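To start, the structure itself, in structure tokens.
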Amino acid sequence: MLQLQVIRENKGEISKALQKRNIDASSLLDDILQLDEKRRTTQTQLDATLAESNKLSKEIGMLFKSGKAQEANVLKKKTGTLKEDSKRLGDELNGIAEELQSLLYQIPNIPHESVPAGNTDEDNEEIFKEGDIPTLVDDAQPHWELAKKYDIIDFELGVKIAGAGFPVYKGKGARLQRALISYFLDKNAEAGYTEMQVPHLVNEASGLGTGQLPDKEGQMYHVGGDDLYLIPTAEVPVTNLFRDEILSEKDFPICYTAYTPCFRREAGSYGAHVRGLNRLHQFDKVEIVRVEHPKNSYKALDGMVEHIKNILRELKLPYRILRLCGGDLGFTSALTFDFEVFSTAQDRWLEISSVSNFETYQANRLKLRYKDENGKSQLAHTLNGSALALPRVLAGILENYQTADGIEIPKVLVPYCGFDKID
RNA sequence: GGAGAAAUGGCAGAGUGGUCGAAUGCGGCAGUCUUGAAAACUGUUGAGGGUCACACCUCCGGGGGUUCGAAUCCCUCUUUCUCCGCCA
């Protein structure tokens, strides 16, 4: 959520920057400013009314104390209209504040200046590419065929238990999955991220804090009986650890990592490109989250990108990095880099990480602040990234490491797996 | 799940209808002293709205109510603790 004060001062620039997202926000921004104006005048009126009645109440108290009950009763009568007024103004103010809030929720984050304009993922800008694309055997297969051939993932069995998009990992498939989780967590810890274990269900306030609510409600599984949401990413519980916190400057940098399963309804996603592990309702992911001083957040973002590069180098997977264009950029993000692994057998790029700087957008919703050198509260910057999302890394490994007599395991994972080949 | 108790500032903890945004202690910050530090002493120290700055307004777990006036009384929700039951 953008700060009102920022909108007040930079309406023109914001409106212009949002055009990169193909959004014409100027009339919405006007509405917001108008409503804000109305909010402040109403607030002022309410404050004056309350001040008046506070004053009277004090006088009444004094009069009663000094035994002048009659005079007190005269004043009492005067408070009646003040009460009505403040009730009316208070209701009005609440209504305005609510409306203002809902308008503010509709404005996405301002894209960073480096974000290219564009409509779809075709307009994303490739900024880096590394790793050799392997030459595979002639009858190379996509991972869903390999999974069946080696009996390591059973999609049909998952359908029986839960439904499509809930695979069952078996034997070496399950072990490889666990190996990846441990490997990622170890790499992140090595890079200075503190490992956390967090709830996999969150309340509404948490969803609002990181921006999944109110507008993307349909993307999360909702547990009606207890009004909780299954997390779509560890970003939600981990970032919300800092909701309503005021940090001190020396607390920075804050670097956390967490493994969690992720649950996404993915309503409306069908077709061949969501086959196998490409898109799931439940998948595993190791996430990194940072809370930073505003002046360091872009350096931190670069650091996260470098860190993920290192992991992919170790896994020897061919990958590229995209700078997302305005149209593809997430609602709450100012700048996002997507990592994609090339899946040779599917002949396509698979997104395996998304690294973003949210600047103050989430912090404003979270009320995540720090005290600056003058002792004033300032909003912190939040960032996060996948390091990494499991299923597509698994797909990439299965497909790129397949040989005529089995699937080789990347060297760095062998100690975690306890085997070096799936056959 | 049943019965009871509680929720106050960074923490501990007073306050049971009116000069209470809230005593006191600890912690934090600044200063004095010291070569420096510790100790001691002095001062300062919640958040938000509003204002050029003040004034002023709101917040004592959340929401609602009673009252001229609520941290204090009532209702409700949530959470925590104790006891019982159940249980990985």
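Everything numeric in this text was worked out from a predicted model, so none of it was measured. In what follows, every chain begins at residue 1, and chains take the letters A, B, ... in the order their sequences are listed.
For Arg265(A) (side chain) and Gly218(A) (main-chain N/O), a donor-acceptor pair under 3.5 Å exists by modelled atom type. Without hydrogens or angle criteria, Asn364(A) side chain to Thr360(A) main chain gives no donor-acceptor distance under 3.5 Å.
Following rounding to the nearest Å, Lys367(A) (NZ) and G48(B) (P) show an atom-to-atom distance of 10 Å. Between Leu75(A) atom CG and U67(B) atom C1' there is a gap of 16 Å when expressed in whole angstrom units. Between the P atom of A47(B) and the CD atom of Glu245(A) lies a distance of 14 Å, rounded to the nearest Å. Put simply, CD1 on Ile96(A) is 18 Å from P on U58(B), counting in whole angstrom units. Ile246(A) places its CD1 atom 16 Å from the P atom of U45(B), with the value rounded to the nearest Å. The NZ-P distance, from Lys371(A) to G46(B), rounds to 8 Å in whole Å. Following rounding to the nearest Å, Asp244(A) (CG) and G48(B) (C1') show an atom-to-atom distance of 12 Å. Atom CG in Leu228(A) sits roughly 13 Å away from atom C1' in U78(B) (whole-Å rounding).
Taking atom P in both G27(B) and C33(B), the straight-line distance is 22 Å, to the nearest Å. Taking the P atoms as reference points, C20(B) lies 14 Å from C57(B), given to the whole Å. With C1' as the reference atom, A22(B) and U72(B) are 12 Å apart, rounded to whole Å. Nucleotides C52(B) and G46(B), compared at atom C1', are 26 Å apart to the nearest Å. Annotation: C83(B) and A12(B) have their C1' atoms spaced 26 Å apart (nearest Å). Nucleotides C87(B) and C77(B) are separated by 28 Å at their P atoms, to the nearest Å. Using atom P as the reference point in both G2(B) and G9(B), the two lie 30 Å apart (nearest Å). U76(B) and G28(B) have their C1' atoms separated by 38 Å, given to the nearest Å.
Nucleotide G21(B) forms a pair with no other nucleotide shown, judged by Watson-Crick or G-U wobble geometry with both contacts under 3.5 Å. G43(B) and C29(B) make up a base pair, with Watson-Crick or G-U wobble contacts both under 3.5 Å. With a cut-off of 3.5 Å on both pairing distances, A53(B) has no Watson-Crick or G-U wobble partner at all. Nucleotide A6(B) forms a pair with U79(B), judged by Watson-Crick or G-U wobble geometry with both contacts under 3.5 Å. Checking A70(B) for Watson-Crick or G-U wobble geometry (two distances, each under 3.5 Å) identifies no partner in any strand. Across all strands shown, U34(B) remains unpaired; no Watson-Crick or G-U wobble contact has both distances below 3.5 Å. Summarising the base pairing, G1(B) is matched to C84(B) through a Watson-Crick or G-U wobble pair whose two defining distances lie under 3.5 Å. Base-pair partner of A14(B): not found among the strands shown (Watson-Crick or G-U wobble, both distances under 3.5 Å).
Looking at Asn203(A) and Ser206(A), their side chains do bring a donor and an acceptor atom within 3.5 Å of each other.
Considering only heavy atoms from C-beta on, Leu93(A) comes within 4.5 Å of Arg39(A) through its side chain.
In terms of heavy atoms, Glu235(A) sits closest to Phe358(A) at OE2-CZ, 4.0 Å. Considering all non-hydrogen atoms of both residues, Lys20(A) and Val115(A) come closest at NZ-O, 2.8 Å.
Among the heavy atoms of the strands, none lies under 4.0 Å from Leu56(A).
The shortest distance between the side-chain N/O atoms of Lys76(A) and the OP1/OP2 oxygens of U67(B) is not below 4.0 Å. At G69(B), none of the side-chain N or O atoms of Thr79(A) fall inside 4.0 Å of OP1 or OP2 (strictly under the cut-off). Using a 4.0 Å cut-off, some side-chain N or O of Arg369(A) falls inside it from OP1 or OP2 of G48(B).
Taking the ring centre of Tyr150(A) as origin, the terminal cationic atom of Lys172(A) falls outside the region bounded by 6.0 Å and 45° from the ring axis.
Between Asp302(A) and Lys299(A) no salt bridge is recorded (no basic side-chain N to carboxylate O distance below 4.0 Å). With respect to Glu190(A) and Lys187(A), a salt bridge is recorded, a charged nitrogen being found less than 4.0 Å from a carboxylate O.
You'll find that the side chain of Lys87(A) is closest to G65(B), out of U67(B), G65(B), A47(B).
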Carefully, step by step, assess Arg313(A) and Asn310(A) under the rule side chain to side chain donor-acceptor pair (under 3.5 Å). CA-CA 5 Å; Arg313(A) 277 180 196 133; Asn310(A) 283 331; 3.0 Å; yes
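Listed in residue order, the members of residues 34-47 of chain A having a heavy atom less than 4.0 Å from RNA chain B are Arg39(A), Arg40(A), Gln43(A), Asp47(A).
Toward the 5′ end of RNA chain B lies the nearest nucleotide of Gly61(A), the other residue of the pair Gly61(A) and Leu50(A) mapping further downstream. Between Asn54(A) and Ser57(A), the residue whose closest nucleotide on RNA chain B is further toward the 5' end is Ser57(A).
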